[in-house]
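Chain identifiers are assigned alphabetically (A, B, ...) following the order of the sequence lines, protein sequences preceding nucleic acid strands; residue numbering begins at 1 within each chain.
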Amino acid sequence: MYISRNFSTTPLNFIPKQFSQYHQQQIQSQRTQPFVPFSQLQNQRNHLESHLISTLNGCTSLTQIKQTHAHILRNGLEQCCYILTKLIRILTKMEFPMDYYAKLVFDQVQYPNPFLWTAFIRGYCLQGLVKESVSVYNCMRKEGTLPVSFTFSALFKACCTVLDVNLGRQIHAQTILIGGFGSDLYVNNSLIEMYVKLGFLECGRKVFDDLPERDLISWTKLIVAYGKIGNMESAGELFGQLPLRDMVAWTAMVTGYAQNAKPREALVFFERMQNEGVETDEVTLVGAISACAQLGAAKYANWIRGIAGNLGFNPSHCVVVGSALIDMYSKCGSVEDAYKVFEAMEERNVFSYSSMIAGFAMHGCANAALQLFYEMVKVGIKPNRVTFIAVLTACSHSGMVEQGRQIFASMEEEYGVSPGVDHYACMVDLLGRAGWLGEALNLAETMPVEPDGGVWGALLGACRTYGNPDIAQIAANHLFELEPDTIGNHILLSNIYASAGQWNDVSRVRKLMREKGLRKNPARSWLEAEKGVIHEFFAGDMTHPRSGDMKQVLEDLLNRLKAIGYQPNMNSVAYDMNDEDKRWILMAHSEKLALAFGLLSISTDSPIRIMKNIRICEDCHSFICGVSQITGRVIIVRDNLRFHHFHGGNCSCGNFW
DNA sequence: CTAGGGTTAG
């Protein structure tokens, strides 16, 4: 028996007929025909079937599958849907094209059951052949077979892979048309997932609202979806209505807040779930660790590390927790602790390596970053696009133009990662930071991918470092179009004009900002003093109880520094005013205030760790360099981008940032 | 056969 089914690509519009009684009887009669007593046959069959199934499970090559298939045929089981379903699933898993062998197997079956049809449909779906899978579905309906829940779930997944919401809606209509599926939870959950993944969250919500019954999975799917689009209010609302909350639902809230840059809220939920006695696993921990990374404070880092340890999730055997900890320690200012975690890990994957490389890059350890990159390649871990962003950033933050170029060129050839817009942004940054503004501009204008704000922003930043208002204006024109409301771009451009003394242009940009109603994000610095208390300072802010002492400290430092040749850098002040006023403004920059407080309050044997919300200014950078020399202290400053380690009059960034 | 996960640029 061989049926050549022709899967015509008809649209999904015919009215389904009821599952044919005739077909059901056919299948039954085939099974009850033999002369041996039914029970005995059943036993024999069961034994044979389970033997064949386990043989199939052990198949690792097409030859073995073909042998087993021959075995199936020899035993007259060519109509046994149960075994053939398994066979087709194995073929699919091994990524053989469906038309190559699976179709041959399938066409021998006269009356495939819904599971066999579905395995076949799913095979096409997983291989991205969605049209074909829909055709098979049509054919199945024409032959009078009713789908099962899993059939629709496979089809909805396929709609996601081809990003076709219209097809999804048609299949959605089918689920309603065919009795019994409109309220099927499994079908509806995958339906919600499809709408959510294709960006039609409201459609998913409507399906959810209309459901007569929901399970935890429906709720959690929507909570996660709201989190992913940054709508934590709706997520929280749903979470509040949940009749029963399990670990996964709680975790969805923790990671939702963490992913939306709301680390404090994430930790509030994490603590609440612990207080309510909900279990914690490594996924929950990862969300909490990521929240602690964003807080950037050693206090939280040690706290969460302790919790993870108590629960038995140690970097040595838990890769995800280890990778998250590497990232956290790097962001909390201790690349040493990050590396300790990395070393302790017995298993490392692309996340562990990428995080560690990014950690080194962040702290200006470019050589360590490159070395680790080559080690990773050597041990056979394939770098991905994020790895390359980290490696290229390491190069650009240390002026390693040649190494950067080399790696960029090798991305596609050697590692099969085609450079995306982010990688081009890294290259523009690399060239720009090295002072090759013309070449950077040329790359931005000729790159094969459409440049985004990151590319032009990198160029604008380089113009700031090298004082080039002309190229800055070009970059800014693009930026103002792509990101009209980003305050930082305007300030950067205005500062470039200010450094060049072009005060008319400064007021032009300032006027533009006023017209757009953009307000400056105030510069602030903070540091962690005794018992983890955080002290925060704004520029010119004299409200701290120890302001008097701080001012005294700063004046002392200024005099001692002047004696060894330090000169205040007036270019760092973007206002048109006299030098005396500029001097005062410089002295009251938030990072200097924080530094003064740190010197007063932090014991001399530990480093002073300062965080800052925006880029550190040139004058503060050289000031802190000098302070590290005359006081012998180690000072670590994290700006919005990276860490500066000041020690003995030098900075780890090599005055290059 | 269904729900939660870590790395990323100016």
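- Residue A/Arg433 places at least one side-chain N or O closer than 4.0 Å to OP1 or OP2 of B/dG10.
- With sequence neighbours left out, A/Ser290 forms a side chain to side chain contact (heavy atoms under 4.5 Å, CB included) with A/Ala258, A/Gln294.
- For A/Glu282, whose side chain is taken as the heavy atoms from C-beta onward, the closest listed nucleotide among B/dA3, B/dG5, B/dT7 is B/dG5.
- The ring of A/Tyr195 has its center closer than 6.0 angstrom to the ring center of A/His172.
- Classified by interplanar angle (parallel below 30°, tilted 30° to 60°, perpendicular above 60°), the ring pair A/Phe239/A/Trp250 is perpendicular.
- Ring centers of A/Phe480 and A/His490: under 6.0 Å apart, within the cut-off.
- If you take CG of A/Leu244 and P of B/dA3, they are 19 Å apart, rounded to a whole angstrom.
- Counting non-hydrogen atoms under 4.0 angstrom, A/Val421 reaches nothing in the nucleic acid.
- Among the atoms of the strands shown, none is found under 4.0 Å from any heavy atom of A/Asp215.
- Residue A/Phe313 contributes atom CZ, which lies 16 Å from atom P of B/dG5 at whole-angstrom precision.
- Side-chain N/O atoms of A/His478 include none lying less than 4.0 angstrom from OP1 or OP2 on B/dG10.
- For B/dA3, neither phosphate oxygen OP1 nor OP2 lies less than 4.0 angstrom from any side-chain nitrogen or oxygen of A/Lys228.
- Within a 6.0 Å sphere centred on CZ of A/Phe115, other residues, nucleotides and ligands contribute 12 heavy atoms or fewer.
- Rounded to a whole Å, the CG atom of A/Asn349 is 8 Å from the C1' atom of B/dG6.
- Whole-Å rounding puts the A/Tyr424 OH to B/dT8 C1' distance at 18 Å.
- One N or O donor and one acceptor, one from the side chain of A/Asp281 and one from the base of B/dG4, sit under 3.5 Å apart.
- The separation between A/Lys382 atom NZ and B/dT7 atom C1' is 16 Å, rounded to whole Å.
- Sorted by residue number, the members of residues 481-491 of chain A with any non-hydrogen atom under 4.0 Å from DNA chain B read A/Glu483, A/Asn489.
- Contacts between residues 354-363 of chain A and DNA chain B, counted as heavy-atom distances below 4.0 Å, involve A/Ser354, A/Ser355.
- Of the candidates B/dT2, B/dG5, B/dA9, the closest approach to any side-chain atom of A/Ile389 belongs to B/dA9.
- Backbone-only contact: A/Asp429 has heavy atoms under 4.0 Å from sugar-phosphate atoms and none from a base.
- Straight-line distance from the CZ atom of A/Phe408 to the C1' atom of B/dA9: 13 Å, rounded to whole Å.
- No engagement by A/Leu460 is indicated, since no non-hydrogen atom pair under 4.0 Å with the nucleic acid exists.
- Rounded to whole Å, atom C1' of B/dG4 lies 8 Å from atom CE of A/Met247.
- Salt bridge status for A/Arg385 with A/Glu412: absent, with no side-chain N to carboxylate O gap under 4.0 Å.
- Distances shorter than 4.0 Å separate some side-chain N or O of A/Gln259 from OP1 or OP2 on B/dG5.
- Closest to the side chain of A/Val224, from the set B/dT2, B/dA9, B/dG4, is B/dG4.
- Across all strands, A/Arg122 comes closer than 4.0 Å only to sugar-phosphate atoms, never to a base (heavy-atom distances).
- Centroid-to-centroid, the aromatic rings of A/Phe373 and A/Tyr353 stay 6.0 Å apart or farther.
- Ring to ring, A/Trp117 and A/Tyr137 are not that close: their centroids are 6.0 angstrom or more apart.
- Aromatic ring orientation, A/Tyr339 versus A/Phe360: tilted (interplanar angle from 30° to 60°).
- Residue pairs meeting the salt bridge (charged side-chain N to carboxylate O under 4.0 Å, His left out) criterion with at least one partner in residues 219-246 of chain A, sequence neighbours excluded, are A/Glu193-A/Lys221.
- Scanning residues 323-348 of chain A for heavy-atom distances under 4.0 Å to DNA chain B yields A/Ser323, A/Asp327, A/Lys331.
- Taking the six-membered ring wherever Trp is involved, the centroid distance between the rings of A/Trp219 and A/Phe208 falls below 6.0 Å.
- Among the protein residues, A/Arg615 comes within range of no part of the nucleic acid, since none of its heavy atoms lies under 4.0 Å from any strand.
- Judged by distance alone with a 3.5 Å cut-off, no donor-acceptor contact links the side chain of A/Ser290 to the base of B/dG5.
- At the heavy-atom level, A/Val286 lies under 4.0 Å from the strands shown only through sugar-phosphate atoms.
- Residue A/Arg305 contributes atom CZ, which lies 19 Å from atom P of B/dG6 at whole-angstrom precision.
- Ring centers of A/Phe388 and A/Phe408: at least 6.0 Å apart, outside the cut-off.
- Sorted by first then second residue, the salt bridge (charged side-chain N to carboxylate O under 4.0 Å, His left out) pairs that include residues 207-218 of chain A, not counting sequence neighbours, are A/Arg205-A/Asp209, A/Lys206-A/Asp210.
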